[in-house]
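Remarks on the structure that follows.
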Amino acid sequence: MTTPAIQRSVMPPVLLIEDEPSIMALVSATLERNGYEVVCIESGADALRMLEKGQFLGVVSDMRTPGGVDGAQVHTWIAQHRPDLVDKVVIITGDYANEETVSTLRKIGAFYLEKPFRVQDLISAVEKTMGKAR
Amino acid sequence: VLASGATLKEFASNSTPSPEGRTAPNSDDAFQKLLLRVAAKAAGRADPTSLIQLFCAATREFFQVSGVYFWRRHAGDELVGEQADGKLAERFIGLRLLPQQSAVTAEAVRSRRTIFVNQLQSSPTFPAAHQFEARSLMAAPLVVFDEVIGAATFLHDSDEEFFNEDLAAKATILAGQLGSLLEATRLGEASREEHRRAEILAEVTHALHGTPDVAAVLEALADRLRILLRTRLVSILLRREGPFELRAVSAETPQLANSFRAGHDRQTIRFAADLAQRAVSAGETITISISSDQHSLGSMVSAGMLIAAPFRTTRTQGAILVYPRHEGTFTPEEKALVAAIAGLGAVAVAHAELCATAQAQAKELQQLLEISSELRSSGDLEHFLQAFVVRAADFLGFGRCFIALLEDGQFHVRYAVARGEARRLDTVYPEGIATRALRAKEAFWSDDLTQLAGANLEAIAQYHARQLLTVPLLGADEAVLGMFGVLDRLDGTGISQQDIRRARALAAQVSVVLEVAHNLHQSERHRRRAEALMQLAREIDGLLRLPDFARKFVERAIQLAGARAGAVALFQDGRFQTVVLHPQRTEDRALHHRFVQALSGFVAKRPEAIVSGSAAELLGPEVASSLNWADCVVVRLPGSNGELAGLLCLSGRTQPLSPEDRELFEAVAGHAAMALENARLFTRIEQANRHWLEIFDAITDFIVVHDETDKVLRVNRSLAAMIGVAPSELIGVNMRALLTLTNEGTLYSCPFCRAMGEDSDEFVHPALDRTYLVSTSRVHGASGENLQTIHVLKDITDRREAERRYRELFDNIQEGLFFSTPEGRFIEVNDALVAMLGYASREELLQVDIPTQVYFSPEQRQHHSEILAKDGHLRNFEATLRRKNGTPIYVLINAFGMYDSQGNLLQIRGLMLDVTGLHTYQSELQRERDFSGKILSNTQSLILVSDTAGLISYANRRWYEAGFEQRELLGRPLLELAAPGFVRALSDALQSTLSGGQVDNLELQIMRGNGHAGQFSVNLSPMRDEQDNINSIVVVMTDITDSADLRDKLVHAEKMAAVGQLVSGVAHEVNNPLTAILGFADLLMENPEVPETARKDLRVILLEAQRTKQIVQNLLSFARQMPPQRKPVQLNLILRRTIQLRSYDFNSHGVDVIEHLDEGLPDVIGDAHQLQQVFLNILNNAYDAVHEVGRPARIEITSMRAGEAVEVSFRDNGPGISHPGRIFEPFFTTKEVGKGTGLGLSICYGIVNEHGGEIRCHNNTDGQGATFIVRFPAAPNTASLSVAAGVNQP
């Protein structure tokens, strides 16, 4: 566990926006086990405030998040205010049946994962967008 | 028999019957000839007048009288003089004689007997006779059918004693014959008018002979005997089956005769009958002594010796009773004479019987023939002659006696008696002195034959003859008939003058008997021939086909002529056409041909009526030998106008042709000619009759014929058809019945006669309300006396109606109508024209001069006339005419000319239209029409007009823009426009509108022009005519398919949105734990610290989690709303996925789902999601259905190719569908409230329809469940597309 701790200090954490505790637990567990540091937050609005000042490796966001700001909006905000992170956003959605959601996701061009996803899908998506953990 | 006061010409038994001067002409032979001559005349189809003429002339000549007069009996028994020959003939015509008048003829008619009166000059009783200067008169009634039809009167103006019994008998026969022939001729005449010729001929045959006259003969006999024997009373009694009856009385005074006849004291008759019986029993003449108390006649008859002489014929026994004289007894000679006369009586009775029988009825022909044969064998004559020779020998006192008859120039001994024993002989009396004397009509006698010079000693020796006395038997015409001879006196004395005188007297009797027998034979032969001729006539007349006729005719002719063979050849159209040989030689055609040739040759050479000769001579040796004919008689059959009608050939006759045979053949030929003519005539009548009947029945006018009692005799088919029965059913019906059929109370019998009586030729049928023009004629029917009325009813209802309509039209038409003369006067105008031209009345207008008063200028009219002359008519010719008040009127004239056969103009007829106000009206109308038209054309609504029968009569332009063609609309039923399932609704709406209702906003599916149904809002309004009757229906339809679709989509979208939200919400909620489960399971699997046993469990968790994931994904896939696509899809894939969606429910509820999916199923172009929705809905329905029933649930799903379509069926074993027809209607549901929306199958229907397919359902025929069938068109090029299709499967 030490080596990862050292690494954690040099590599910024992944911001996880997820209000569902079980998903939050799964994603953070998966990412941490693969060497990523994870900061979790439940609300999209709170996440934006954190993104204003914090350093993050990337963002993994649920599509539907409480606090008036959903995953898509988070992605839009990032594209405007944190262009460095715009390619490092992975959106998780369980709502692909919703045509609106799907079209939104296609429009913003964010990388997205459909629930239920497999652990390997998540790892490869994060690695692809944010790079492998050191 | 005789009128009182007249004197009978005396009968003398031993003298020749008539004075020398007139013996020859009225001899029996001449009499036969006369009979044949009259018969032949009648057979030659002489008319009655000429027949009577012949009769009068011939009988006058025959009887040698001064005049013969023919009376005709008319109604009221009055006799009217019709024809006469001889003295004062012209005065006789039209003379009237009443039966009660005192006249010989009247007496004859009253008594129905021939009567003669001599010595009229001394009798004042008959004024008419004096008028005609008659010295003696004879009258014979003509009796036919037991009825007197007339009488013949014979007059002699110089001889006081002219008439006698013999003449009377002949007159009776002649009159009877004439009566029969007249009747036959009359019937023959009638038969030409009647078609039932055969029947009438039968009647003619019946009527051939008049009433027999036995009584007259017997009365005469009694009279003669009484006078001869100078007694007061002679009576004759006869008996057949029963007791003796008094048949004749001759008394000295009428009182005696009357008391005897009246039989006040029955004793008289009984006594006479007893005497007769005694004589008959004795079998010979007896003498009986009687007293006055026995005979019960008191002093009128003396007591004394009575002679009773019996006689008998085959059927009758009789006796002559000669009552005692006043003075003296009867000598044996007198007694013998009575016996001989009794024999005569037998002959007379036999004769009369024969006559009676012969003259009775033709139906007793068999009986007649029987008697004829008796006659032919001369049974009675034999009897008589045999008895005669015995009695003669006895009477004269000679040992032997014989009678020889002169036959073929030789005396044949027929009857002989030797020593009281009669013998029938047939030996020739040897020629010699005796025969020479006899031929010279002299008696011959010798007391010793052997002593005679030139005697035939050999014969004398052969017959052991010594004494011989022979006298000739002389006939009425003084001809030698034979001889009567006696041999060897018994007392051995010489032959005395008394012997000779007695022998002469006896010979005279024999002569009379022979004459009578001969006459009988002759008349019998004549009668037989007449019968045969009539038979022939009757038979051949019934045969209207010529071959039948010919065959029968030749057979009969051969029979009649006593020939062996014969032939008849009928000559038609210049050659012999019908040839019949008898016996038949049909097999030999060549012989027929040669025979016809021979006949043709014969006809050219021999013009005689009858030719007799050798067959070889007449027909040529070849034909003669072929026919095997030696002799031949050829008889010409004359045609009606004298030309040749045919030939009759006869061969094998045994005797040479006698004059009688010639007469017979002439008669036969006459009959044949008559029959041939009849056949032709009959055929013509038949044809004419048939033709007439056809016409009668073909005439559509009603024809009815009735008699004077208004009985229907005939109706034609049209009338019978109108009444509705067969024509035959109306025959005999009273004319009243025709009215009864019409339910009119009746006062009159014949409705049509009544119509005539009221001087109207029209009859209005009260029930049918039809008018008939009755034309009536009255004619005498064929049967003569009855007046027949013929009504012809022409149905003129239509004509009357046409006239009425014409009049109505003429009077009421608003255009001015006129008939005018070419000169310029109106002949007829209607009120419209009067009003148009401003006149007060028609009469006023008829007075005006057209050129000057109606036209503004005569030139204008002239102009019109020229055009009319040139074109024959004026068409829409505008003109300005002048009203009465001088103002102009603008008219349009249409007129034409009426011309006669020479082409001259008779009338101008035409019509005028006031067009003054027309123009403004027209433009107004046009504007209105345009306006309406524009509205109709430009409205977006589809507008139809239907008639009350529901047939489209108008469709506006929008229909044609919507893809309909005119022929699909106009005249077609409105209901055809409704889509299946909506016909009822439209029909109900139509009915409601027809009963006056208005139907608004009825939403229906209507078939569009392209064959697809569209949703329409339909308004129906009744359109009414002036009388407020609905005469059509206006249908306005608005296509609301788009709005309906929109509404459907909305419903769908809303529902789908809700479902989607629900599903996605659920999925979302499920996804999160599922994601965690899957994720942590993955993490655990990656964890090397997890032992292998736990990994095994983990794999199960992963697998199940993944299955869950798939379920969720399917749910989400269904919920996801996709835009409709048109791409090739594989129905099997969609089916499987749909089944999978519900497999949990099926499994958990034990529903057995059986798939029969055709793996080679072609693709279908469509939207996979929508199709899935269809299948899901059907499956859900099936699931719900099978779930409801208790039995093991089963759903069979089959996909298969069906021609150019793909068919998927879902068969369940649920309860079936209660309303298969309504199940696709929106919001129709059988499910419990809240369990289904009722939209499901309706949406299915819409989707399938959008895919160009069809969906239907039906209950299974095995009674369990229902089957839904969905068909789609198969996609083209399925194979190449199916690969690509896989890409698109979610």
Side-chain angles (χ1 to χ4, degrees), chain A residues 1 14 16-36 38 40 42 60-66 70-72 90-106 112-127 133, chain B residues 1052-1053 1055-1090 1095 1098-1099 1101-1125 1141 1169 1172 1290:
Chain A
M1 288 294 283
V14 174
L16 173 62
I17 309 166
E18 174 61 73
D19 62 331
E20 177 66 35
S22 63
I23 304 297
M24 189 192 279
L26 175 67
V27 172
S28 53
T30 304
L31 291 179
E32 279 168 5
R33 284 187 198 183
N34 281 278
Y36 297 97
V38 180
C40 293
E42 288 187 19
V60 175
S61 175
D62 189 12
M63 188 60 189
R64 280 205 259 171
T65 52
D70 64 12
V90 172
I91 292 177
I92 301 166
T93 177
D95 203 13
Y96 58 87
N98 192 322
E99 203 175 338
E100 198 184 345
T101 311
V102 174
S103 70
T104 307
L105 288 173
R106 285 204 183 113
Y112 66 94
L113 270 178
E114 290 180 359
K115 281 192 263 190
F117 50 81
R118 302 298 292 268
V119 170
Q120 287 72 21
D121 298 336
L122 177 64
I123 304 273
S124 67
V126 170
E127 281 180 349
Chain B
H1052 180 77
K1055 186 186 165 212
M1056 285 309 145
V1059 172
Q1061 271 179 340
L1062 179 70
V1063 168
S1064 68
V1066 169
H1068 207 83
E1069 292 307 317
V1070 172
N1071 263 345
N1072 286 337
L1074 189 60
T1075 308
I1077 292 166
L1078 262 177
F1080 283 109
D1082 278 343
L1083 288 177
L1084 276 175
M1085 284 294 284
E1086 285 171 4
N1087 191 343
E1089 294 167 19
V1090 176
R1095 278 180 197 277
L1098 269 175
R1099 282 192 201 98
I1101 292 171
L1102 272 172
L1103 215 61
E1104 289 304 305
Q1106 275 177 314
R1107 207 161 72 88
T1108 310
K1109 178 188 163 187
Q1110 187 61 44
I1111 291 167
V1112 171
Q1113 276 184 343
N1114 277 346
L1115 266 175
L1116 288 173
S1117 167
F1118 164 68
R1120 186 165 54 197
Q1121 183 67 33
M1122 300 289 276
Q1125 291 179 309
L1141 269 178
H1169 290 285
Q1172 185 177 13

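Small disclaimer: the values here were computed from a predicted structure and weren't measured. Reminder, nothing fancy here: chain letters follow the sequence lines and each chain counts from 1.
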Checklist entry - For A:S22 and B:F1080, which heavy atoms make the closest approach, and how far apart are they? => result O-CE1, 3.7 Å

Next on the checklist: Working to the nearest 0.5 angstrom, can you tell me the gap between A:L26 CG and B:T1075 OG1?
Outcome noted: 7.5 Å

Checklist entry - Are side-chain heavy atoms of A:R118 and B:Q1106 found at a separation under 4.5 Å? => result yes

Checklist entry - Okay, side chain of B:D1082, backbone of A:V119: is any donor-acceptor separation there less than 3.5 Å? => result yes

Checklist entry - What distance separates A:E18 CD from B:N1072 CG, expressed to the nearest 0.5 Å? => result 6.0 Å

Next on the checklist: Given heavy-atom pairs under 4.5 angstrom as the criterion, report whether the side chain, backbone, both or neither of B:L1102 touches chain A.
Outcome noted: side chain

Checklist entry - Looking at side-chain heavy atoms only, is the closest gap between A:Q120 and B:E1086 below 4.5 Å? => result yes

